[in-house]
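Structure, as structure tokens:
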There are 2 protein chains.
Amino acid sequence: MVKITDVARRAGVSPSTVSYALSRKRPISEETRQRVEAAVRELGYRPHAGARALGGSRSNVLALVVPLRAGIDVPVVMRFAVSVVTAARGHDHDVLLLTQEEGEEGLRRVADTALVDALILMDVQLRDPRLPLLRSLGRPSVMIGFPSEATGLTCIDLDFRAAGEACVEHLAGLGHRVVALVGSPPEVYVRGTAFAQRVVQGFTGAADRAGLASAVHPCEATPAAARRVAERLLREQPALTGVVVHNEAVLEPLVDAFARLGLRVPGDLSITAICPDALAEGLRVPVTSIALPAAEVGARAVELLMRKLAGEEVPEATLLPPRLTRRASTGPRALA
Amino acid sequence: MVKITDVARRAGVSPSTVSYALSRKRPISEETRQRVEAAVRELGYRPHAGARALGGSRSNVLALVVPLRAGIDVPVVMRFAVSVVTAARGHDHDVLLLTQEEGEEGLRRVADTALVDALILMDVQLRDPRLPLLRSLGRPSVMIGFPSEATGLTCIDLDFRAAGEACVEHLAGLGHRVVALVGSPPEVYVRGTAFAQRVVQGFTGAADRAGLASAVHPCEATPAAARRVAERLLREQPALTGVVVHNEAVLEPLVDAFARLGLRVPGDLSITAICPDALAEGLRVPVTSIALPAAEVGARAVELLMRKLAGEEVPEATLLPPRLTRRASTGPRALA
DNA sequence: ATGAAAGCGCTAACAC
DNA sequence: GTGTTAGCGCTTTCAT
């Protein structure tokens, strides 16, 4: 293994100079830096991660806690994970994967052993039991999602409440008077998963303010459940003409189910969704949707963490404004 | 931060005794071990990961390279990842997440910096460019999947060829004479992804041996593509009565498409799949399937790695035999 | 602008 | 069965 002293010898400088030349933590003459860098290249030097962590008290590793619980859409989780890894690499950090099952003990372990410098959490619940731990961990963290009370912590996410509102307002603007929200699986609400709750709040609030009749239906992530919800919707709200879908897994089956029930989209029914753009675009009838900007959220979560690691103050809350893209699935309410 | 010397002082022993008491790398009297463990608990001691890696030349971290390429089913990838993380934790290891995009440079980096002790690779291709690198990396690795030539390396996977064969034999045993394979998306074959190719080989070989007429159809991972394939199948093989599906994403849409084309399952058409049991069970018509044992593969991959880290010899190839579960989707061929 | 040297916290070889 | 001690390879004062 080639070590810093090898590089130093080759470049004709001291080890500390090599260290500083690479970290740029103190001025090094252009000429020596060139020599050091040449030596690094020639020898294929790679600093030993453990030694670096021990000497410098920075491991350059982030922990990412991913949810794997019922009702969470796996492809969406993966999109976040990939964007976090990619962004982290852009800041010379690697990502350690933790599963939610490891729980608080897992967080404590990787923090206390200095395996990681900082943590990113997904699938935050409104009253998340991990919050006190995060506050006392002594390492920066960022949550993707908003608990109800997050003083002293850092959160980032799409503004799901505004997203729910925007969907309703879009439908209201098209003249629709009776709307429904097809939401996440019931267990997601039971657990108090933050983003799902906020969509409901936004949806209901906006509907009330606009004087629309509205209803909310949780929905399992199966096509069969989608069909049942479609039938129930028409039975319970015969005048329904606008639907908001916040459930990636059932968007397509739901659209199919409506079609099979003889409803034209957008002729009889306008549909909007909150989901990744790729999903909304790819359907037979492209769906008007609010993008779920996983890549942006992941990248900005990492950036926030980097700034915290650098000792900067960062805002406690970062809410990304919803961006609605009109597609073929929404249109003006048909005259009766 | 509480360190090993703190524990030593508290327990009234030397630091090395603490180290040995915890690692059990040399005999320690029952009594002192008790004292040490008590001290550890009282002080909440956690060994510093970096120091451990530096002193012991073991980081207790594994690298997992996950594929994120077109045509790969994300939920399946996630199942593997989770099983690897879980198994690794069972051996006191953590998992560093690498994306395929990082490529060979990423592998070299985490190995050379001693960030990880060993590596697990998914999505292996028949002629995988990473093989020479793996051989020269100086760290143990395990591939989930089989390249065509893997001398000196370690591979594990479901025996996909046998899986393809077993599906055909099951159908042949039920009297079917004309069969088709609906496979992975075309790009998967173009890349030479090992497991997909092997299914084709097994399928075709078994069909030939049994004297069945057979055809293979790659299929994009979209419901629309599934519908097109269904139609094409009936057009090109009018006598078709047996279908093997090796494509998680289209299994359900395909079954639906056949239904909409007026075909009864299993009355007119028998269907078998190679996919996770949960998927096959959950459909409206539960599908006879060969399980994709992600949890077992992940766990055994980790075990192989642990044994290699311990200096043991392990078999180069571990092929898990396919396990076929009969469900409602297959039955005897109807008499014409 | 550079160098010398003292740690960082742990493991393991070497005593006893 | 336990203690002493010399590293592991890097970062970072403290000198110059």
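The figures that follow rest on heavy atoms only: side chains count, while hydrogens, waters and symmetry mates do not. Numbers restart at 1 for each chain; the letters A, B, ... are given by sequence-line order, proteins then strands.
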Can you check whether [X] has a side-chain N or O nearer than 4.0 Å to OP1 or OP2 of [N]?
X: A/Thr17; N: C/dA1; result: no
X: B/Ser19; N: C/dT11; result: yes
X: A/Ser23; N: D/dT11; result: no
X: A/Ser14; N: C/dT2; result: no
X: B/Lys25; N: C/dA12; result: yes

Check whether the side chain of [X] and the base of [N] form a donor-acceptor pair under 3.5 Å.
X: A/Tyr20; N: C/dA1; answer: no
X: B/Arg35; N: D/dG1; answer: no
X: B/Arg26; N: D/dT2; answer: yes
X: B/Ser16; N: D/dT5; answer: no
X: B/Arg9; N: D/dG3; answer: no

Could you check how far [atom1] of [X] sits from [atom2] of [N], rounded to whole Å?
X: A/Asp112; N: C/dC10; atom1: CG; atom2: P; result: 12 Å
X: B/His48; N: C/dC10; atom1: NE2; atom2: P; result: 8 Å
X: B/Arg58; N: C/dT11; atom1: CZ; atom2: P; result: 12 Å
X: A/Asp117; N: C/dC8; atom1: CG; atom2: P; result: 19 Å
X: A/Arg24; N: C/dA1; atom1: CZ; atom2: C1'; result: 15 Å
X: B/Ile4; N: D/dT5; atom1: CD1; atom2: P; result: 16 Å

Check: Are B/His93 and B/Leu309 close enough that some pair of their side-chain heavy atoms sits under 4.5 Å apart?
Finding: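 Counting from C-beta outward, B/His93 and B/Leu309 do come under 4.5 Å.
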
inquiry  = Less than 4.0 angstrom from a charged side-chain N to a carboxylate O is my criterion; do A/Glu187 and A/Arg191 meet it?
reply    =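 No, no charged N to carboxylate O under 4.0 Å.
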
- Task: Check every strand shown and say whether A/Thr32 touches a base, only sugar-phosphate, or nothing at a heavy-atom separation below 4.0 Å.
- Result: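 Sugar-phosphate contact only - A/Thr32 comes under 4.0 Å of backbone atoms but never of a base.
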
- Task: Determine whether more than 12 heavy atoms belonging to other residues, nucleotides or ligands lie under 6.0 Å from atom CD of A/Glu312.
- Result: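 Counting other residues, nucleotides and ligands, CD of A/Glu312 exceeds 12 neighbours.
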
